[in-house]
Amino acid sequence: MERIKQNSHVVGLKQSRKAIESGKAELVFLAKDADTHVKLPLERLCEEKDVAVVYAETMKELAKACHVEVPTAVAAIISGKDA
């Protein structure tokens, strides 16, 4: 969880999916307690795009690491490169 605190990142399903699809996501954080309809498609996309997934215990824990107040299902560390 320290990596997300120390690197550029995006928060939320739409922004994370966009980063993965564009090749900018280096690492994805996914909350274990996120809804299955959120987790499964994102896990498949990460597998297709060869992006590693790290699991956070809860959406609250992930939100805290991302410095947001709303529970967060997914976040992604992004690279500075233009993809």
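This is a predicted model, so every value here is computed, not measured. Index from 1, following the sequence.
Between the side chain of His9 and the backbone N or O of Asn7 there is at least one donor-acceptor pair closer than 3.5 Å.
Shortest non-hydrogen contact noted between Gly12 and Thr72 is N-CG2, 4.3 Å. The minimum heavy-atom distance linking Ser22 with Ala19 is given by the pair OG-O, 3.2 Å. The shortest non-hydrogen separation linking Leu45 to Arg17 is CD2-CG, 3.7 Å.
In this structure, CD on Glu26 lies 9.0 Å from OG on Ser8, to the nearest 0.5 angstrom.
Tested against Val28, the residues Ile77, Val74, Ile4 include a single side-chain contact (heavy atoms from CB on, under 4.5 Å) partner, Val74.
Shown here is Lys39, whose NZ atom has more than 12 heavy atoms of other residues, nucleotides or ligands within 6.0 Å. Atom CD of Gln6 sits in a crowded spot, with more than 12 heavy atoms from other residues, nucleotides or ligands closer than 6.0 Å.
No chain of hydrophobic side-chain contacts below 4.5 Å, direct or via other Ile, Leu, Val, Met, Phe, Trp or Tyr residues, connects Leu42 to Phe29. With hydrophobic clusters built from ILVMFWY side chains whose heavy atoms lie under 4.5 angstrom apart, Ile20 shares a cluster with Leu13.
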With a cut-off of 3.5 Å and sequence neighbours excluded, list every side-chain donor-acceptor pair involving residues 47-66.
from  : atom 1 : to    : atom 2 : distance (Å)
Tyr55 : OH     : Glu43 : OE2    : 2.5
Glu57 : OE2    : Lys32 : NZ     : 2.7
Thr58 : OG1    : Glu61 : N      : 3.0

Full working for salt bridge (charged side-chain N to carboxylate O under 4.0 Å, His left out) between Lys18 and Glu21: CA-CA 5 Å; Lys18 186 176 173 182; Glu21 290 173 344; over 6 Å; no
